[in-house]
Amino acid sequence: MAVFLELLVNGISVGAVYALIALGFVVIFKATEVVNFTHASLLLAGGYVIARLHPLIGFWAALAAGIAAAALVGALVEFLILRRAHVGSRGVLAIVTIGVDILLTTELTRRIGTEVLALGDPWGDRVLRLGPVTVAETRVVALAVAATLIVAFLLAFKFTGWGVAMRAAAEDAETAALMGVRLGRVSLSAWAVAGALAAVAAMFLCVFPTPGLDRGTAAAAMKAFPAAILGGLDSTTGALAGGLIVGVTETLMSGYQSELAFLGRGIGDAAPFLVMIVILLLRPSGLFGTKEPARV
Amino acid sequence: MSGEAGPGTGGPEIEGAEIEGPQIAAPGAADPKAGGLEIRGLEVRYGPVRALRGVHLAVPRGAVAAVLGANGAGKTTLLRAVSGTLRFHRGAITSGTVAFGGSRLDGVPAAAVVRRGVVQVPEGRRVFARMTVAENLRAGALGVPGRRAAAARERVLELFPVLAERAHQRAGLLSGGEQQMLAIGRALMAGPSLLLLDEPTLGLAPLMAARIADTVRQINAQGTSVLLVEQNAAMALALAERAYVLEVGEVTLSGPAAELAASDEVRRRYLGIGAPETDRPVGTDPGPGHERHERTRLARWTA
């Protein structure tokens, strides 16, 4: 039972990080209805800047610089590439983001090389003991930060002009423009915010118990993709739920790997995608995704 | 009356001999007051396809102007050219000018056109179906300071009380008529000086269409100019002071709406009034009794 509880708590905290990454997918999808496959490289960019700068300017300043850098890269991708890609289909734009991701990831992994870069976080390898359960302090902080950010975005989408403009632009860009929404500004801000979120997630993905940032970090980030899909790509709540489901599934499957040996190795990595497929078969719009309302 | 089509006027004037029925008034008679919408020599293309050619049109400040025409005549393209949304359809203004309040609108992005006081209600309502009625109204006021938005909201809810009752309902679940009210209300949230209405009665029951027509009158009475694109010609001509007929991208008739409504050409093509009335010679007076008969028929169309 103690093992199960420990896996569950760790799964929830890993899930919170996935939820942060999924929130980045959701922000861009809400604003532009484009599925952003560049997210993993934005995450890698943010993490790389934190890793390189923390010995020079300290962790918190490096974190701020990493967030700013990832936001800038996101905004540049939108401004220099997507805005100028005059393609009608959002599906084609999604493929453009795959190309951009490959370019950015290739350059960043070339710079990282075979190194494992520490991020210099203040929590180190400290753990919290809650009865029989042991959990890394970093994971508790990740859970708190992710929950705070997700609630903040939930409220922002619902109650701020920025959120309403984003949702209007995603639903019908032309009509939003007719209402005075500046589409370019909405899209640019969404990409910048997604980049910033990716940098925060990068920090939590690369701290204890993970050894640090390496060339495989981008692949880890893509695990958040099923989280965003199964939660519902346009739902902030869905990002949280999807992240937690993926985190818990992955941690439990990996934790019970020996008992599940008949399923083969690596079931922990495959399980989130299996869960995604099952959920999409039952609920095509995801758990919290918006169905198009229609009178019958 | 004059047959001269001056700049900034109602477009190519049709000579009396070229149309049936009474001669259309000269555009010079309806010169726009300063600050209205002026379209001069407008040509619009979608790639190689020319959708509008040499269109002249004016909406004086505080007036209602109507644009009539069959499907594909270029009515919606005309509104897109004013509202800056041609680029969404890969269209572009290739010559001519669009000006409002003395400043040019051609080449200006849609959001900037809204900030200059020109707001379009698109064809087919196009409410934000996933958002609530209240959020749709908020979306309409995004470019407006908070205090003005509150005043605009009050005005809209006074005009359409049903929107207050449905405030928290998803817009996609409203009836067609309610969606049209929401679309107009949403546009009014920006406090426009000129409202562009694209087929506001399309697909609506006659009673609802009449209600929308009354609303347009009220909006105009409160000082907002209106450019109305409508296939329901009887309604449009009853509302407008000046009207234009578009055919295959060109203005073929223009003049005071009352005179257009009396012209055989318009009556036969757009009002569905049959051949017996149109058989009389060009320019002949049908007589007072005949006019009364026509008015009764027109009134029935708008009911």
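Residue numbering restarts at 1 for every chain, and letters A, B, ... go by the order of the sequence lines. Just so it is clear, the model here is predicted, and its values are computed rather than measured.
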- [ ] Below 4.5 Å from any heavy atom of chain A, which atoms of B:Ala190 appear? Answer side chain, backbone, both or neither.
- [x] neither
Task: Closest non-hydrogen atom pair between A:Arg182 and B:Arg115, with its separation - done: NE-NH1, 3.0 Å
Task: Which atom of B:Phe128 lies closest to which atom of A:Thr175, heavy atoms considered - done: CZ-CG2, 3.9 Å
- [ ] Kindly indicate, with the supporting measurements, whether the criterion side-chain contact (heavy atoms from CB on, under 4.5 Å) is fulfilled by A:Leu178 and B:Arg126.
- [x] CA-CA 11 Å; A:Leu178 284 175; B:Arg126 290 172 71 171; over 6 Å; no
- [ ] Would you mind checking if A:Glu33 and B:Arg130 are paired as a salt bridge, meaning a charged N to carboxylate O distance below 4.0 Å?
- [x] yes
Open item on the list: If I take atom CE from residue B:Met189 and atom CE from residue A:Met179, how far apart are they, to the nearest 0.5 angstrom?
Closed with: 11.0 Å
Open item on the list: What's the separation between atom CD in A:Glu174 and atom CD in B:Gln120, rounded to the nearest 0.5 Å?
Closed with: 7.5 Å
Open item on the list: As an exercise: rank B:Val127, B:Val118, B:Thr85 by heavy-atom pairs under 4.5 Å with chain A and give me the winner.
Closed with: B:Thr85
Open item on the list: Looking at A:Arg83, I'd like to know if its CZ atom is crowded, meaning that more than 12 non-hydrogen atoms belonging to other residues, nucleotides or ligands lie closer than 6.0 Å.
Closed with: yes
Open item on the list: Between B:Arg87 and chain A, with a heavy-atom cut-off of 4.5 Å, which part of the residue counts as in contact: side chain, backbone, both or neither?
Closed with: side chain
- [ ] Can you see which heavy atom on A:Gly180 is nearest to which on B:Ala111, and at what distance?
- [x] O-CB, 3.6 Å
Task: Nearest-0.5 Å distance that lies between atom CZ in A:Arg167 and atom CG in B:Asn136 - done: 9.5 Å
TODO: Please examine the side chains of A:Trp162 and B:Leu142, heavy atoms only from C-beta on, and report whether any two atoms are closer than 4.5 Å.
DONE: no
Task: B:Arg211 atom CZ, neighbour heavy-atom count above 12 within 6.0 Å - done: no
Open item on the list: Tell me whether B:Gln222 at atom CD has more than 12 heavy atoms from other residues, nucleotides or ligands lying less than 6.0 Å away.
Closed with: yes
Open item on the list: I need the B:Glu135 CD to A:Phe157 CZ distance, nearest 0.5 Å.
Closed with: 12.5 Å
